[in-house]
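Values in this document were obtained by computation on a predicted structure and should not be read as measured data. Every heavy atom of this structure was used, including side-chain atoms; hydrogens, water molecules and symmetry mates were not. Order of listing sets the numbers, starting from 1, for every ligand and every atom in it.
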Amino acid sequence: MTTVAAYAAPAAKAPLERTTIERREVGEFDVLIDIKFAGICHSDIHQAQEGWGEAIFPMVPGHEIAGIVSEVGSGVTKHKVGDRVGVGCLVDSCRECENCRAGLEQHCTGGGVGTYNAIGKDGEPTYGGYSEKVVVDENFVLRIPDGLSLDVAAPLLCAGITTYSPLKHWGAGPGKKVAVIGLGGLGHMGVKIAHALGAEVTVLSQSLRKKDDGLKLGADHYYATSDPKTFEELAGTFDLILSTVSAPLDFGAYLSLLKTGGALVNVGAPEEPIALNLFSLIGGNKTLAGSMIGGIAETQEMLDFCAGHGFGAEIELIKADQINEAYERVLSSDVRYRFVIDTATI
Ligand code: NAP
Ligand code: ZN
Ligand code: ZN
């Protein structure tokens, strides 16, 4: 075991504080990573506050990890010391179930293991990226392409793949009108990726406060959803809408913005259920779908895609002692557009 410094929530809703945790010995197929940067995802906050249900404490959140390999096990073939690598929301899965075999490890039915707030195959709780080092099976470690700096690459490991996967799956591309609801961590990556895929992109944000940024990120249009005229003007407009909102929304109102046959894909994970009048789906043969992160191979594809298009995330780099303040800012939609922890400050 190796003792490493980390930031942890000692209990639900308690502020995060500096502590130490134990990392397992590097096994035959393990990679030891010196973590350089860790993104703050809104999912970290949902879980640290037990908003999704009972969680494991102390909790070291963080599933947007970028760093450098510092040791590999004797059986490791995919990574070597000095490689620039990333880890996302998954650190293990059964590798045998139908989903694992289809490259959908995030839906493993045989014992997938989350990067934190989960129990690993060794029976110990997993701890995430707000820490100095992590030991991960080589199959769950991604290559960060040379063109991407590690700090702006870190958020791609969750925000990037969570938007890339549904945008690809639902056909965002040339000739398609795509709207992204919510310009936060996921939303700003959704805009960049949908634009890079060639779609005509509209941001649907609560206000026009971030309009200039949205247009610079690649949006063609930008509307405030607080203005009821937005819903009249955009009725029947979009082929695809991606909701990245962390709170319950009136999905019926957003479904009215789809063309006939259009799809609203939700990736937001609010803590409360929503009510929906199903006539908003029946009229116009519309689809309401969900999507959860993405598999390992697709995550690598996404990293290569972003590097190929020359972009990472827009980040605000913070010191570890600013994590609690950053959480407050995320909760008040005051993030531009991902907080990333410089783990040298832990
Ligand atoms: P974030 O940075 O806080 O962004 C969410 C954005 O939603 C905010 O910036 C805000 O954008 C908008 N918003 C917030 N509250 C709202 C409200 N009450 N009404 C309307 N809009 C509101 O969060 P994130 O890290 O992108 O994560 C977003 C959600 O996705 C979270 O629930 C997270 O847990 C979930 N998530 C899901 C997956 C998955 O696999 N499906 C993966 C990662 C995260 P504007 O200011 O532009 O309105
Ligand atoms: Zn996340
Ligand atoms: Zn599986």
Side-chain angles (χ1 to χ4, degrees), residues 38-49 51-52 61-65 88-90 92-117 128-129 154-166 180-191 203-211 213-214 217 219 222-226 242-251 253-254 265-272 274 289-296 299 313-314 316 326-339:
I40 294 180
C41 178
H42 204 123
S43 302
D44 299 348
I45 305 175
H46 289 302
Q47 291 175 88
Q49 302 196 339
W52 291 343
H63 56 211
E64 294 184 337
I65 298 171
C89 301
L90 304 167
D92 220 330
S93 75
C94 82
R95 302 144 202 236
E96 287 167 0
C97 73
E98 194 178 340
N99 290 331
C100 281
R101 287 203 311 269
L104 297 169
E105 297 89 349
Q106 74 275 32
H107 302 298
C108 175
T109 55
V113 181
T115 304
Y116 67 88
N117 193 22
L156 302 182
L157 277 302
C158 176
I161 184 61
T162 301
T163 48
Y164 179 85
S165 183
V180 175
I181 316 174
L183 195 67
L186 266 54
H188 95 286
M189 287 312 308
V191 170
V203 174
L204 302 173
S205 180
Q206 293 167 95
S207 72
L208 296 179
R209 258 182 328 132
K210 297 177 279 191
K211 181 173 179 182
D213 288 351
L217 292 168
Y222 201 106
Y223 288 85
T225 53
S226 52
L242 182 69
S243 176
T244 70
V245 174
S246 47
L249 269 193
D250 178 1
F251 278 102
Y254 289 92
V265 183
N266 173 65
V267 293
E271 299 172 8
E272 305 296 332
I274 59 150
S291 188
M292 189 166 82
I293 43 175
I296 296 298
T299 303
E314 303 301 310
E316 192 172 325
Y327 274 25
E328 290 306 318
R329 286 185 53 195
V330 171
L331 287 170
S332 54
S333 300
D334 179 24
V335 52
R336 300 196 181 197
Y337 283 87
R338 202 54 143 184
F339 290 108

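- Here the Zn ion (ligand 3) is the vertex; the SG atom in Cys97 and the SG atom in Cys94 give an angle of 110° (to 10°).
- The distance from the Zn ion (ligand 3) to the nearest N/O/S atom of His107 is not under 2.8 Å.
- Inclusion of Gly187 in the set of residues having an N or O under 3.5 Å from an N or O of ligand 1 is not warranted.
- At a 3.5 angstrom cut-off on N or O pairs, Ala269 counts as close to ligand 1.
- From the protein, the heavy atom lying nearest to atom 26 (O) of ligand 1 is Leu186 N, 2.7 Å.
- Atoms of ligand 1 found under 4.0 Å from any heavy atom of Gly185 (numbered from 1 in listed order, with element): 1 (P), 2 (O), 4 (O), 26 (O).
- Between the Zn ion (ligand 2) and His63 there is an N/O/S contact shorter than 2.8 Å.
- We find the SG-CD1 distance between Cys158 and Ile40 to be 13.0 Å, quoted to the nearest 0.5 Å.
- Closest protein heavy atom to atom 25 (O) of ligand 1: Arg338 NH1, 2.6 Å.
- Minimum interatomic distance between Arg338 and Gly185 (heavy atoms only, all atoms of both residues): NH1-CA, 3.6 Å.
- No side-chain heavy atom of Gln47 sits less than 4.5 Å from a side-chain heavy atom of Pro61.
- A pairwise comparison of heavy atoms in Leu157 and Ile161 identifies O-CG2, 3.4 Å as the closest pair.
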Quiz item: Is there a side chain to side chain contact (heavy atoms under 4.5 Å, CB included) between Tyr222 and Lys210 once you walk through the steps?
Solution: CA-CA 9 Å; Tyr222 201 106; Lys210 297 177 279 191; 3.3 Å; yes
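- With a 4.0 Å cut-off on non-hydrogen atoms, Gln106 does not touch ligand 1 at all.
- Between atom 7 (O) of ligand 1 and the options Leu208, Val265, Thr163, Val245, the minimum heavy-atom separation is to Val245.
- Between Leu331 and His42 there is a side-chain heavy-atom pair separated by less than 4.5 Å.
- The distance criterion of under 3.5 Å between nitrogen or oxygen atoms is not met by Arg209 with respect to ligand 1.
- In this structure, the protein non-hydrogen atom closest to atom 39 (C) of ligand 1 is Thr162 CG2, 3.4 Å.
- Ranking the protein heavy atoms by distance from atom 32 (O) of ligand 1 puts His46 NE2, 2.8 Å first.
- For the atom pair CD1 (Ile181) and OG1 (Thr225), the distance works out to 8.0 Å, reported to the nearest 0.5 Å.
- You'll find the side chain of Leu156 stays beyond 4.5 Å of the side chain of Tyr164, heavy atoms only.
- At the top of the distance list for atom 4 (O) of ligand 1, counting protein heavy atoms only, stands Gly184 CA, 3.4 Å.
- Here the SG-NE2 distance, from Cys41 to His46, works out to 7.5 Å after rounding to the nearest 0.5 Å.
- Residue Val330 has at least one heavy-atom neighbour below 4.0 Å for each of these atoms of ligand 1: 3 (O).
- Across the listed options Ala247, Ser243, Pro248, Ala247 owns the non-hydrogen atom lying nearest to atom 18 (N) of ligand 1.
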Exercise. Run the numbers on Tyr327 and Asp44 for side-chain hydrogen bond (donor to acceptor under 3.5 Å, both in side chains), then give the verdict.
Key: CA-CA 9 Å; Tyr327 274 25; Asp44 299 348; 4.6 Å; no
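- Heavy-atom proximity to His42, at under 4.0 Å, picks out these atoms of ligand 1: 1 (P), 3 (O), 23 (O), 24 (P), 25 (O), 27 (O), 31 (C).
- Distances below 4.0 Å separate heavy atoms of Val335 from the following atoms of ligand 1: 2 (O).
- Nearest protein heavy-atom neighbour of atom 33 (C) of ligand 1: Ser43 OG, 3.4 Å.
- Of all the heavy atoms of Val267, the ones lying under 4.0 Å from any atom of ligand 1 are found in both the backbone and the side chain.
- Checking only distances, Ile293 does come within under 3.5 Å of ligand 1, N or O to N or O.
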Quiz item: Stepwise, does the side chain to side chain contact (heavy atoms under 4.5 Å, CB included) test hold for Glu314 with Arg336?
Solution: CA-CA 7 Å; Glu314 303 301 310; Arg336 300 196 181 197; over 6 Å; no
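- When only non-hydrogen protein atoms are considered, atom 14 (C) of ligand 1 lies nearest to Ser333 OG, 3.4 Å.
- The line from OH of Tyr254 to CG of Asn266 is 12.0 Å long, rounded to the nearest 0.5 Å.
- At distances below 3.5 Å, at least one donor-acceptor pair connects side-chain atoms of Arg95 with backbone N or O atoms of Ser93.
- Considering backbone and side-chain N/O of Tyr222, none are found under 3.5 Å from N/O of ligand 1.
- In terms of polar-atom proximity, Leu249 is not counted as a contact of ligand 1, lacking any N or O under 3.5 Å from an N or O of the ligand.
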Practice problem: Any chance you could lay out the side chain to side chain contact (heavy atoms under 4.5 Å, CB included) test for Cys89 and Gln106, step after step, and finish with the verdict? | Solution: CA-CA 8 Å; Cys89 301; Gln106 74 275 32; over 6 Å; no
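- For ligand 1, the polar-atom distance check finds no N/O of Trp52 at less than 3.5 Å from any of the ligand's N/O atoms.
- Residue-environment remark: CD (Glu271) exceeds the threshold of 12 foreign heavy atoms within 6.0 Å.
- Which of Glu271, Gln206, Arg336 comes nearest to atom 48 (O) of ligand 1 through a heavy atom is settled by distance: it is Gln206.
- Residue Cys158 has no N or O atom closer than 3.5 Å to an N or O atom of ligand 1.
- Note that CG of Leu90 and NE2 of His107 are 9.5 Å apart. Values are rounded to the nearest 0.5 Å.
- For Cys158, the nearest N, O or S atom to the Zn ion (ligand 2) falls under 2.8 Å.
- With ligand atoms numbered from 1 in the order given, ligand 1 contributes 5 (C), 28 (C), 29 (C) to contacts under 4.0 Å with heavy atoms of Thr244.
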Exercise. May I have the step-by-step check of side chain to side chain contact (heavy atoms under 4.5 Å, CB included) for Ile274 and Leu249, ending in yes or no?
Key: CA-CA 7 Å; Ile274 59 150; Leu249 269 193; 5.7 Å; no
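- Ligand 1 places these atoms under 4.0 Å from at least one heavy atom of Ser205: 45 (P), 46 (O), 47 (O), 48 (O).
- To the nearest 0.5 Å, the span separating OG1 on Thr162 from CG on Leu242 amounts to 9.5 Å.
- Summary of contacts: the protein heavy atom closest to atom 11 (O) of ligand 1 is Leu183 N, 3.2 Å.
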